[in-house]
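Atoms considered below: every heavy atom in the structure, side chains included; atoms not considered: hydrogens, waters and symmetry mates. Indexing begins at 1, ligand by ligand and atom by atom, following the structure's order.
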Amino acid sequence: MLKMYIGGRWVSAVSGRTRSITNPATGEQIDVAAEGGAEDARLAIAAARKAFDESDWPHTSARHRARLLFRLADLIERHAGEQARMETENNGKPLADAEDDVLTAANVFRYYAGLIGKPSGQVSDLPGSYVGRVVREPIGVCGLIVPWNFPLMMASWKLAPCLAAGNTCVFKPAELTPVTAVRLFELMEEAGFPPGVANLLLGEGRTAGAELAAHEQVDKIAFTGGTETGRGVMRAAAGNIKKLSLELGGKSANIVFADADLDIAADYAVSGIFLNAGQVCSAGSRLLVEESVYDRFVDMVVERARKIRVGNGLHPGVEMGPLISEAHMNKVLGYIKAGIEEGAVLLTGGKRITEGELARGFFVEPTVFGDVHSGMRIFREEIFGPVLSVTKFRDEEDAVRLANDSIYGLAGAVFTSDAGKAERVARRVRVGVFWINVYHPAMVEMPWGGYKQSGLGRELGTFGLDAFTEVKQIVHNLHPGPLGYYHWNRS
Ligand code: NDP
């Protein structure tokens, strides 16, 4: 059974409740997990609070914390094959993608292990005899809440900078995908993280997660998930003015101009949406194509979409796995129905796959809609599935206008051979992540996060570490003398 890790001990839920964990490719149970609730969350928060307030963890040297993070990265790499397999069994993604995720996670721990020892802060030569210093300190107890689409990778994005900075934390994976999180915490224990510094809470968002978001002993919430859930987390966090990082939804535009290398652009357009079966916050779910090449380019995309090998991620050669759950699959199928009803042209896909062994899992065909207009729900709402909406544009101005016609602002891309046009578009599209002639690279060195309703703050890079620190100014008077303010100073 998958247990929680609280205060350095592996424990079941106080209620004794458990949850069946399934493989979305087969519908079969792969494990059983402790189902924590609000009471378990309070125990985990108390353990993290104690470790922050009473142990020397926040005051350990950066070098010491870096050593633990480096050790953890090595352990992740040593057990990479096993963790990738676990991720595929629990999340459904192709094994090669899961292997990439595991190595990325190791790399993220290494990056922050390296960064924490680098110079930071500022010194100011102030007027008079004052010297000012700006230092960064840990925030305190952090609640880290992640979704099911990149379980281990999202864990690393949050845990690495959080712990590097000297915080303590309660980490909650999605209720559907706890498997690699449990393994990660076993490795953290082996690496030597002290009890209470990092706690693992399993269970539902609306009970365990909500308690984390609201609890007054939690100083910061770092959340990745849907925008509606994020809005609720923000409200709950207002009680004690928690620091917040939110990485939310997206409806990213991938803009293809007629002068692009269309073969290359078509490959990226396809991976932009169908990677991880479209369950990616930065998915290029709106493909905007210049009208002079629209028909030709759409044909190229459709031809590729039809050739994608869909199946159980554990099977060699599979390029797209299932959706995470039956409920999520039904939500995605609902959007496909809405697209048809609203008059978009279904060019390929559109159905659940019900042949052979795939009938047991939650597979949806790679789906492409053409002639999508900006008023349609499939243009406006995050589907989070393998559904691409294609829209025609007239010129650069029109492309930028369509790209910005969204409540979201996470990512976007442009494909063109005109460098000037690429730069102009890059600057005018209101998103936090923008790619030119490429789609989807997420680099630990570069900040990740969204404009508008795609979130708050940035993860990764130096920004990701800053988000787990408080900034303190310290002013030192080098020549203390009489204050000279009160009458007794003047007589
Ligand atoms: P959620 O946003 O609800 O889940 C993300 C995480 O938040 C999970 O760990 C979840 O817990 C937790 N959570 C849920 N409710 C609360 C709460 N009230 N307080 C604190 N934490 C909470 O994602 P869903 O799985 O419900 O997906 C809904 C939609 O959100 C998707 O269809 C997609 O559009 C979008 N989404 C976007 C993601 C992104 O990366 N931008 C990732 C995932 C979803 P648990 O799952 O355990 O209940």
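For the pair Arg17 and Glu204, the salt-bridge criterion is not met [side-chain N within less than 4.0 Å of a carboxylate O].
With respect to atom 15 (N) of ligand 1, the closest heavy atom belonging to the protein is Thr229 CG2, 3.3 Å. Atom 2 (O) of ligand 1 has its closest protein heavy atom at Gly226 N, 2.7 Å. Nearest protein neighbour of atom 20 (C) of ligand 1, counting heavy atoms only, is Gly209 C, 3.3 Å. Nearest to atom 32 (O) of ligand 1 among the protein's heavy atoms is Lys331 NZ, 2.5 Å. Of the protein's non-hydrogen atoms, Cys281 CB, 3.3 Å is the one closest to atom 40 (O) of ligand 1. Scanning all protein heavy atoms for the shortest distance to atom 11 (O) of ligand 1 gives Lys172 NZ, 3.1 Å. In terms of protein heavy-atom proximity, atom 43 (C) of ligand 1 is nearest to Pro147 CB, 3.5 Å. Remark: minimum distance from atom 34 (O) of ligand 1 to any protein heavy atom is reached at Glu382 OE1, 2.8 Å.
For Ala210, the heavy-atom gap to ligand 1 drops under 4.0 angstrom. Taking a 4.0 Å cut-off on heavy atoms, His328 registers as neighbouring ligand 1.
Of the candidates Leu244, Val146, Leu456, Ile145, Ile145 is the only one forming a side chain to side chain contact (heavy atoms under 4.5 Å, CB included) with Phe223. With Glu365 as reference, Lys351 is the one residue of Lys351, Arg352, Arg306 to meet the salt bridge (Lys or Arg N to Asp or Glu O under 4.0 Å) rule.
Aromatic ring pairs are classed by plane angle as parallel below 30°, tilted from 30° to 60° and perpendicular above 60°; the pair His440 and Trp435 is perpendicular. Using cut-offs of 30° and 60° for the angle between ring planes, the Trp10 and Tyr5 rings count as tilted.
Contact detail for Leu212 and Ile221: the closest heavy-atom pair is O-CD1, 3.5 Å. Taking every heavy atom of both residues into account, Ala283 and Ser252 meet most closely at O-CB, 3.4 Å. Shortest non-hydrogen contact noted between Thr391 and Val372 is OG1-O, 2.9 Å.
At under 3.5 Å, not a single nitrogen or oxygen of Glu204, backbone or side chain, sits near a nitrogen or oxygen of ligand 1. Residue Leu248 places at least one N or O, backbone or side chain, under 3.5 Å from an N or O of ligand 1. Of the N or O atoms in Val146, one or more lie within a sub-3.5 Å distance of an N or O in ligand 1. For a threshold of 3.5 Å applied to N or O pairs, the pair formed by Trp148 and ligand 1 contains at least one separation below that value. For Gly203, a nitrogen or oxygen atom sits less than 3.5 Å from a nitrogen or oxygen atom of ligand 1, counting backbone and side chain alike. Polar contact with ligand 1: present for Gly205 (N/O pair, distance under 3.5 Å).
Listed by number with element, the atoms of ligand 1 under 4.0 angstrom from any heavy atom of Glu175 are 45 (P), 46 (O), 47 (O), 48 (O). Contact atoms of ligand 1 toward Ile145: 6 (C), 7 (O), 9 (O), 12 (C), 20 (C), 21 (N) (distance under 4.0 Å to a heavy atom of the residue). Heavy-atom proximity to Val233, at under 4.0 Å, picks out these atoms of ligand 1: 19 (N), 20 (C).
Residue Phe384 holds the heavy atom nearest to atom 44 (C) of ligand 1 of all those in Tyr335, Phe384, Tyr408.
Donor-acceptor pairing under 3.5 Å is recorded for the side chains of Tyr335 and Glu381. Side-chain contact annotation: Ser245 with Lys220, donor-acceptor N/O pair under 3.5 Å present.
Leu187 contributes atom CG, which lies 5.5 Å from atom CG of Leu75 (distance to the nearest 0.5 angstrom).
Taking the side chain as every heavy atom from C-beta outward, Thr224 and Cys281 never approach each other to under 4.5 Å.
Distance screen at 4.0 Å: atom 4 (O) of ligand 1 has no protein heavy-atom neighbour inside the cut-off. Per-atom contact check: atom 36 (N) of ligand 1 touches the protein, criterion being a heavy-atom distance below 4.0 Å.
One N or O on the side chain of Lys251 and one on the backbone of Ile378 form a donor-acceptor pair closer than 3.5 Å.
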